Amino acid sequence: MQPYYLGFLYPFVIIGVVILTVYQKTKTNKERTKFALLLLQDNVTEIIKNIKAEVVGSGTKRSKDFYFRSCDVYVLPEAVFLVTYTFFGNGKPLLLTTNKEKYARFIAGGVLPEIKKINPDSFSHSVYIEYGDISLHSMEVDIHLYGLTEAQREYFRFK
């Protein structure tokens, strides 16, 4: 039988475990981002900070790794690297490109998604990005990036 005075500790233990899990995931994403930027730093042509993002996911595997509120955009030759930020800190970084061979080393870290559609001329002057599939073991992610100028939206037109 448990003493009655220990019952109030259970919510604090649960909250502590949740905070520790979020902290660990944020730390992992920050390290992943730092490593990717270290590999890409010589190729960056422009950095665009604090871009507002709206992310919608659909499918049965609704992972919170893909949701973010804002991002920094690092423009590379034939690619765009997104450093994402959630409410709690760093989110999962994304490398958007149509040249998979050039950036193949990023596939293992889950940083390089299979892009279905990129539309720099989306409504309300946003960039629309769609990747993933709706299935039992995956999800489809739709991203809208707001606050980019016309010249900055041109970086998302991969040749």
Side-chain angles (χ1 to χ4, degrees), residues 2-76 79-118 126-148 155-156:
Q2 296 179 343
Y4 69 92
Y5 55 86
L6 292 179
F8 76 93
L9 289 177
Y10 292 127
F12 294 112
V13 170
I14 292 171
I15 290 171
V17 168
V18 169
I19 289 173
L20 186 63
T21 304
V22 168
Y23 171 76
Q24 187 64 31
K25 186 172 280 199
T26 301
K27 184 178 174 185
T28 302
N29 286 335
K30 186 180 271 189
E31 290 170 359
R32 184 181 290 156
T33 301
K34 190 183 293 186
F35 179 71
L37 284 175
L38 186 66
L39 291 174
L40 296 171
Q41 70 184 357
D42 295 337
N43 298 327
V44 174
T45 58
E46 185 176 349
I47 300 171
I48 308 165
K49 297 282 190 176
N50 297 325
I51 300 300
K52 184 181 179 301
E54 184 178 288
V55 181
V56 177
S58 56
T60 55
K61 183 183 176 188
R62 299 186 57 103
S63 174
K64 299 297 182 198
D65 287 342
F66 300 105
Y67 296 103
F68 55 94
R69 298 162 45 121
S70 65
C71 65
D72 294 339
V73 177
Y74 290 79
V75 179
L76 307 162
V80 174
F81 184 70
L82 300 179
V83 177
T84 63
Y85 301 101
T86 64
F87 182 74
F88 299 108
N90 277 63
K92 188 175 186 176
L94 294 172
L95 182 66
L96 307 173
T97 184
T98 55
N99 188 352
K100 294 270 189 190
E101 295 79 32
K102 185 173 182 177
Y103 297 100
R105 62 182 175 237
F106 294 100
I107 293 174
V111 177
L112 189 61
E114 185 69 39
I115 298 172
K116 288 170 60 175
K117 183 178 184 181
I118 294 181
S126 67
V127 175
Y128 174 76
I129 303 161
E130 180 182 331
Y131 68 90
D133 292 319
I134 299 176
S135 70
L136 188 60
H137 301 291
S138 66
M139 67 184 280
E140 180 181 81
V141 179
D142 299 333
I143 302 170
H144 285 275
L145 300 177
Y146 298 101
L148 294 166
Y155 293 129
F156 290 88

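The shown structure was predicted, so the numbers you read here are calculated from the model rather than taken from an experiment. Just the heavy atoms: all of them, side chains too, but no hydrogens, waters or symmetry mates, feed the values below.
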Student: Are L82 and L145 close enough, and set up right, to give a side chain to side chain contact (heavy atoms under 4.5 Å, CB included), and what steps lead you there?
Tutor: CA-CA 11 Å; L82 300 179; L145 300 177; 4.3 Å; yes
Student: May I ask you to check whether over 12 heavy atoms, not counting those of F35, lie within 6.0 Å of atom CZ?
Tutor: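 Not buried by this count: 12 neighbours or fewer within 6.0 Å.
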Student: With D142, which residues qualify under side chain to side chain donor-acceptor pair (under 3.5 Å), at least two apart?
Tutor: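 D142 satisfies side chain to side chain donor-acceptor pair (under 3.5 Å) with Y128 only.
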Student: How would you list, by chain and number, every residue that makes a side chain to side chain donor-acceptor pair (under 3.5 Å) with E140, sequence neighbours excluded?
Tutor: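 Partners of E140 by the side chain to side chain donor-acceptor pair (under 3.5 Å) criterion, ordered by chain and then number, come out as K116.
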Student: Side chain to side chain contact (heavy atoms under 4.5 Å, CB included) for V73 and F156? Distances and angles first, verdict last.
Tutor: CA-CA 11 Å; V73 177; F156 290 88; 4.3 Å; yes
Student: May I have all residue pairs that pass salt bridge (Lys or Arg N to Asp or Glu O under 4.0 Å) and include part of residues 7-19, sequence neighbours excluded?
Tutor: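 Passing the test, one end in residues 7-19: no pairs.
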Student: With sequence neighbours excluded, what pairs up with K117 under the salt bridge (charged side-chain N to carboxylate O under 4.0 Å, His left out) test?
Tutor: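 Applying salt bridge (charged side-chain N to carboxylate O under 4.0 Å, His left out) to K117 gives none.
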Student: Residues two or more places apart in sequence or in another chain: which of them pass side chain to side chain donor-acceptor pair (under 3.5 Å) with E46?
Tutor: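 Partners of E46 under the side chain to side chain donor-acceptor pair (under 3.5 Å) test: Y155.
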Student: Checking T86 side chain against G91 main chain: does a donor-acceptor pair fall under 3.5 Å?
Tutor: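 The answer is no, because no donor-acceptor pair under 3.5 Å joins these two groups.
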Student: Over all heavy atoms of both residues, which pair between L76 and T45 is shortest? Give the atoms and the distance, please.
Tutor: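 Taking every non-hydrogen atom into account, N-OG1, 4.3 Å.
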Student: Applying side chain to side chain contact (heavy atoms under 4.5 Å, CB included), name anything that partners Y23, two or more places apart in sequence or on another chain.
Tutor: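 Testing Y23 for side chain to side chain contact (heavy atoms under 4.5 Å, CB included), a comparison that skips the adjacent residues, returns K27.
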Student: Determine whether I143 and F68 satisfy the following criterion, side chain to side chain contact (heavy atoms under 4.5 Å, CB included), listing intermediate values before the conclusion.
Tutor: CA-CA 9 Å; I143 302 170; F68 55 94; 3.9 Å; yes
Student: If you measure from CD on E130 to NE2 on H144, what distance do you get to the nearest 0.5 Å?
Tutor: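 With rounding to 0.5 Å, CD (E130) is 9.5 Å from NE2 (H144).
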Student: Checking M139 against Y131 for the side chain to side chain contact (heavy atoms under 4.5 Å, CB included) test, could you report, in this order, the C-alpha distance in whole Å, the side-chain angles of both residues, the deciding distance, and whether it holds?
Tutor: CA-CA 9 Å; M139 67 184 280; Y131 68 90; over 6 Å; no
Student: Is there side-chain contact between I115 and T98, with at least one heavy-atom pair below 4.5 Å?
Tutor: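 No, their side chains stay 4.5 Å or more apart.
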Student: Do the non-hydrogen side-chain atoms of L96 and P113 ever get within less than 4.5 Å of each other?
Tutor: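 Sidechains of P113 and L96: in contact.
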Student: Nearest 0.5 angstrom please: E54 CD to R69 CZ, how far?
Tutor: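 These two atoms lie 12.0 Å from each other.
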Student: Of all residues at least two apart in sequence or in a different chain, which pass the side chain to side chain contact (heavy atoms under 4.5 Å, CB included) check with N99?
Tutor: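 Per chain and number, N99 pairs via side chain to side chain contact (heavy atoms under 4.5 Å, CB included) with E78, T97, E101, K102.
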Student: What residues form a side chain to side chain contact (heavy atoms under 4.5 Å, CB included) with S70, not counting sequence neighbours?
Tutor: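 By the side chain to side chain contact (heavy atoms under 4.5 Å, CB included) rule, S70 matches Y85.
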Student: Tell me, please, which residues at least two apart from I19 pass side chain to side chain contact (heavy atoms under 4.5 Å, CB included).
Tutor: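 In terms of side chain to side chain contact (heavy atoms under 4.5 Å, CB included), with neighbours along the sequence ignored, I19 is linked to I15.
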Student: If you round to the nearest 0.5 Å, how far is CG of L95 from CG of L40?
Tutor: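 These two atoms lie 6.5 Å from each other.
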